[in-house]
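Counting starts at 1 for both ligands and their atoms, following the listed order. Values reported hereafter were calculated over all heavy atoms of this structure, with side chains retained and with hydrogens, waters and symmetry mates removed.
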Amino acid sequence: MGSQTKYVFVTGGVTSSLGKGIIAASLAKLLQARGYSVTIQKLDPYINVDPGTLNPYEHGECFVTEDGAETDLDLGHYERFLNVETSQANNVTTGRIYQSVINKEREGAFLGKTVQVIPHITDEIKRRIKILGNTGKYDIVITEIGGTVGDIESLPYIEAVRQLKWEPGFDCIVLHLTLVPFLATSGELKTKPTQHSVKSLLESGVQPDILALRTEHKLNEGVKEKVALFCNIAPKAVIEAIDADTIYDVPLLMQEEELDKVVLDKLHMEYKNEPSLNEWNQFLSKLKHPKQEINIGLVGKYIELKDSYKSIAEALIHAGASNETKVNIKWIHSESVNEGNAAEKLKNLDGILVAPGFGERGIEGKISTVKYAREQKVPFLGICLGMQCAVIEFARNVLGFKDAHSTEMEANTEHPVIYLMEEQRNITDKGGTMRLGAYPCQVKDGSKAFDAYQQKDIAERHRHRYEFNNKYLSEFEQAGMHATGINPDNNLVEIVEIENHPWFVGVQFHPEYKSTVLAPHPLFKEFIKASTTVKEKQLSANNY
Ligand code: GLN
């Protein structure tokens with residue numbers, strides 16, 4: 001299959017944030033549902049080697065793959081839509097491209113030649129693009145090019161696409177996503193930005209094969225025909241990409257527009273089966289017709305940019321649908337919570353999730369939130385730093401170690417209940433030096449975690465430096481906080497729970513990365529279930 005792998009390049013024009021990732025994932029979903037094996041790759045034109053060092057305010061969440069790559073959040077969409085894992089090879093940045101080329105230059109691999117953008121950088125881009133196809137695992141690779149056509153930093157990528165379009169034996173097409181704005185004053189949809197964007201691609205020598213037009217209003221045939229005429233494209237290859245209620249509607253909208261068929265025609269591939277989307281539709285129907293609703297507080301410090309918690313928000317949607325429950329996320333800034341106002345700020349929540357994070361800011365708000373959830377018996381899920389806060393809170397308020405802390409925030413605390421292990425201590429580099437990717441964990445029988453997973457051996461993805469300090473484990477256990485998930489290789493505590501609470505679970509790993517539409521994450525499902533049960537109990541208690 002390898003040599004015949006075909007490629008769809010997805011580019012964007014006019015503005016950023018048009019949803020190339022969702023269009024790519026939706027197309028992949030449809031092709032997968034027809035029986036093709038598909039993967040999606042993202043090429044990011046920034047110079048960071050990976051997004052691991054980027055502030056979430058700048059670029060949203062950093063998604064972590066099973067093999068430990070810190071990647072763009074679009075890879076999360078790919079996994080959620082396709083239910084197939086991505087890997088290191090699925091995300092490439094300009095930083096990584098240059099790093100490889102410069103390393104080769106230092107090794108003398110270019111034999112004294114002048115190293116240039118063309119051909120050396122473009123060759124490395126093409127090599128990275130072909131890696132997934134060369135595995136022989138995929139019929140089709142969809143490669144999304146980040147940024148907007150016309151940006152200086154995107155040029156080498158567009159040039160690589162141009163070269164590949166002319167490479168003998170390399171079968172590919174280009175799908176270009178643009179915006180058709182609606183001018184309210186004249187009541188018109190405008191095609192000029194699309195025409196300009198296609199012109200800009202043409203100046204780089206690339207004729208798009210398919211255009212997807214993002215729009216707030218339905219496009220009439222006139223608009224499609226006009227775009228087709230000006231942009232050298234058949235009218236049926238002009239696809240309407242109308243705003244949707246939820247991103248999970250987009251595959252169905254693309255199916256109505258026959259995007260999958262147009263792509264297969266252009267790639268000279270057969271349609272195979274009609275896409276079978278039964279499970280997908282069942283999910284959508286549960287999502288749209290919930291039987292109840294609950295409020296979940298998401299406490300974090302990056303809430304101004306909701307994309308910082310993308311996978312958590314989506315995992316809550318998946319778990320809500322599987323419980324036929326609408327989950328209203330109440331975004332709460334950790335800096336706004338303190339012991340004095342926690343009861344007021346957190347009232348009316350049916351469940352509380354304390355989010356992952358790094359550094360000191362907002363930490364005391366998170367700890368006060370945990371205290372409230374523990375004492376008021378509100379279902380609680382703590383993820384990574386959220387779990388560490390649960391440990392610190394328990395140490396301070398139950399074990400009585402008033403100064404207990406993580407050495408990340410307080411290097412000299414007398415009670416370092418969360419600390420840096422020896423191997424991590426001498427690392428000064430910031431990129432890629434954390435515990436990253438999937439690690440095994442053994443779940444204890446009889447725990448809430450076991451109820452959720454229904455199995456002992458699990459593997460979950462990590463992204464952190466600090467760990468539970470096992471020196472204190474027996475004291476925690478005696479006082480009622482139990483380690484219910486342990487890494488069998490090194491005894492690290494991966495899950496904690498407390499007794500006498502309806503549902504209080506803290507996890508050192510990130511379950512949100514593994515939640516998909518067809519396989520909502522068991523811990524999120526149980527967290528939502530516990531939150532609805534507690535709410536129902538309270539409602540019936542209030543009625544008597
Ligand atoms: N800052 C913490 C650590 O490095 C937690 C990281 C996280 O929440 N992802 O251990």
Less than 3.5 Å apart, which donor and acceptor atoms pair up between the side chains of residues 345-357 and the rest of the protein, not counting sequence neighbours?
unit_1, atom_1, unit_2, atom_2, d
Lys347, NZ, Glu344, OE1, 3.4
Lys347, NZ, Glu344, OE2, 3.0
Asp350, OD2, Asn295, N, 2.8

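- A donor-acceptor distance shorter than 3.5 angstrom exists from the side chain of Asp72 to the backbone of Asp74, with no hydrogens or angles considered.
- In this pair, Trp503 and Phe527 present their aromatic rings tilted. The plane angle is within the 30 to 60° band.
- Under a cutoff of 6.0 Å and an axis angle of 45°, Arg96 and Tyr98 do not form a cation-pi pair.
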Run through all N or O atoms in ligand 1 and write down each protein N or O closer than 3.5 Å, as a pair with its distance.
unit_1, atom_1, unit_2, atom_2, d
ligand 1, 1 (N), Gly357, O, 3.0
ligand 1, 1 (N), Glu408, OE1, 2.7
ligand 1, 1 (N), Glu408, OE2, 3.1
ligand 1, 4 (O), Arg465, N, 3.0
ligand 1, 8 (O), Gly357, N, 2.9
ligand 1, 8 (O), Gly357, O, 3.3
ligand 1, 8 (O), Leu385, N, 3.0
ligand 1, 9 (N), Arg463, O, 2.9
ligand 1, 9 (N), His510, NE2, 3.3
ligand 1, 10 (O), Gln388, NE2, 3.1
ligand 1, 10 (O), Arg465, N, 3.2
ligand 1, 10 (O), Tyr466, N, 2.8

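- By the 4.0 Å N-to-carboxylate-O rule, Lys448 lies too far from Glu526 to be salt-bridged with it.
- At distances below 3.5 Å, at least one donor-acceptor pair connects side-chain atoms of Lys514 with backbone N or O atoms of Ala459.
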